[in-house]
> 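Once you've had a glance at the structure underneath, I'll fire off some questions.
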Amino acid sequence: MSEEKKKNVFVKWTEKHAEFWKFVKFMIAGGGSSVVELVVHMVLLNTAFAALTNQAITNPTLNMIGITSKGYLYTYLISTTVGYTIAFILNRKITFKADSNPVLSMILYFIMVVMTIFANGWIGSAMTTFAISHNLTGNFWNLIIKIIGMAIPTLWTYPINRFVIHRKKKPLIEDDK
């Protein structure tokens, strides 16, 4: 089978399953940006802000989402900003090909990200408490809790990105005269 024919089969499939294909691209963009975020996080935590990890933060709101030191706070802010910025750009340009107002999209995205961070903190805390109370501890259960905690926000982040943040303008319909 020729390359052109294979490409046509793939293009036809993505056109036939356009909404599913957008979801797949959304997941790829999210996964890729998460990898970059994790790398930036680990590098900063173990280099630039390593000395600040001994300086405790006792703010209950920050502690709820896992931020317990100044080093971790700075690392988290920078790496999260990098990861979410990459995801925003990839989803806007490639996944959804949005043409709506970019400033409004950024504001809406920022609000969604802040809400997601706090929801993740609460969900992760609740799942960890549940797991400990049911003796579900150790690396395996930590991995399961992390995967579930990462998957849950997709329930709201995909629809919000797809239908609110990264919209396409509706084409103007010309009157037949």
Side-chain angles (χ1 to χ4, degrees), residues 21-96 98 102-103 105-162 164-166:
W21 180 236
K22 284 179 188 165
F23 182 74
V24 168
K25 290 190 293 184
F26 178 81
M27 296 303 289
I28 292 169
S33 64
S34 293
V35 168
V36 173
E37 178 182 341
L38 182 61
V39 169
V40 170
H41 179 85
M42 296 309 293
V43 167
L44 291 175
L45 191 61
N46 291 296
T47 58
F49 300 114
L52 297 176
T53 57
N54 294 328
Q55 296 181 16
I57 292 178
T58 56
N59 179 299
T61 304
L62 292 176
N63 293 163
M64 179 192 80
I65 61 172
I67 298 173
T68 57
S69 74
K70 284 185 180 181
Y72 194 88
L73 173 65
Y74 300 146
T75 297
Y76 182 81
L77 289 173
I78 293 168
S79 66
T80 301
T81 300
V82 168
Y84 276 112
T85 300
I86 291 169
F88 177 85
I89 293 167
L90 290 174
N91 284 319
R92 181 167 178 83
K93 299 291 182 186
I94 298 170
T95 303
F96 302 114
V103 174
S105 292
M106 284 186 266
I107 292 167
L108 293 171
Y109 189 75
F110 178 79
I111 292 167
M112 182 203 68
V113 165
V114 170
M115 299 301 289
T116 299
I117 287 169
F118 282 101
N120 274 353
W122 181 80
I123 291 166
S125 178
M127 287 192 314
T128 300
T129 300
F130 174 84
I132 290 169
S133 69
H134 288 82
N135 207 24
L136 305 172
T137 58
N139 287 336
F140 173 76
W141 288 107
N142 289 342
L143 177 64
I144 297 299
I145 291 167
K146 184 67 172 168
I147 290 170
I148 293 169
M150 291 169 67
I152 289 173
T154 305
L155 296 173
W156 66 83
T157 58
Y158 179 78
I160 290 172
N161 272 283
R162 168 71 173 94
V164 178
I165 296 169
H166 299 298

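This structure is a prediction, so every number in the text was calculated from the model and none was measured.
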> As a quick check of understanding, evaluate side-chain contact (heavy atoms from CB on, under 4.5 Å) for E37 and V82, giving each step before the final call.
CA-CA 6 Å; E37 178 182 341; V82 168; 6.0 Å; no
> With a 4.5 Å limit on heavy-atom distance, are the side chains of I65 and N120 in contact?
no
> Going by atom type alone, with no hydrogens or angles, which donor-acceptor pairs under 3.5 Å involve a side-chain atom of residues 44-57 and a protein atom two or more places apart or on another chain?
unit_1 : atom_1 : unit_2 : atom_2 : d
N46    : ND2    : M42    : O      : 2.8
T47    : OG1    : V43    : O      : 2.4
T53    : OG1    : A50    : O      : 2.7

> Just checking M127: does its CE atom have more than 12 heavy atoms from other residues, nucleotides or ligands closer to it than 6.0 angstrom?
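Enclosed.
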> When rounded to the nearest 0.5 angstrom, what distance separates CD1 in I145 from CZ in F140?
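Spacing of CD1 (I145) from CZ (F140) equals 10.5 Å.
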> If we ignore hydrogens and angles and just use 3.5 Å, is the side chain of T154 paired with the main-chain N or O of A151 as donor and acceptor?
yes
> Could you grab the distance from atom OG of S69 to atom OH of Y74, nearest 0.5 Å is fine?
10.0 Å
> Could you tell me which non-hydrogen atom of S33 sits nearest to which non-hydrogen atom of A87, and how far apart they are?
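Heavy atoms only, the tightest pair is OG-CB, 3.5 Å.
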> Taking atom CZ of F110 and atom CE of M115, what is their separation to the nearest 0.5 Å?
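So the gap between those two atoms works out to 11.5 Å.
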> Could you pull out the closest heavy-atom pair between T80 and Y76, with the gap in Å?
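The pair with the smallest heavy-atom distance is OG1-O, 2.7 Å.
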> For Y158 and F26, take the angle between the two ring planes, folded into 0 to 90°, and tell me which bin it lands in: parallel under 30, tilted 30 to 60, perpendicular over 60.
perpendicular
> May I ask you to decide if the ring planes of H166 and Y109 are parallel, tilted or perpendicular, using 30° and 60° as cut-offs?
tilted
> Please round to the nearest 0.5 Å and tell me the distance separating atom OG1 of T95 and atom NZ of K22.
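If I round to the nearest 0.5 Å, the distance is 10.0 Å.
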> Are the side chains of S105 and F88 in touch, meaning some heavy atoms are under 4.5 Å apart?
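In short, these two side chains touch, coming nearer than 4.5 Å.
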> Any side-chain to backbone donor/acceptor pair from N63 onto I67? Under 3.5 Å, distance only.
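Checking the backbone N and O of I67 against the side chain of N63, a donor-acceptor pair under 3.5 Å is found.
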> So with a 6.0 Å cut-off around CH2 of W156, is the heavy-atom count from everything else above 12?
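Check passes, neighbour count above 12.
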> Nearest 0.5 Å, please: how far is CD1 in I152 from OG1 in T157?
11.5 Å
> How many angstroms lie between CG in L77 and OH in Y72, if you round to the nearest 0.5 Å?
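If I round to the nearest 0.5 Å, the distance is 10.5 Å.
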> Kindly check if the number of other-residue, nucleotide or ligand heavy atoms within 6.0 Å of NZ (K25) is above 12?
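More than 12 within 6.0 Å, yes.
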> M106 versus I165: any side-chain heavy-atom pair under 4.5 Å?
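No, side chains not in contact.
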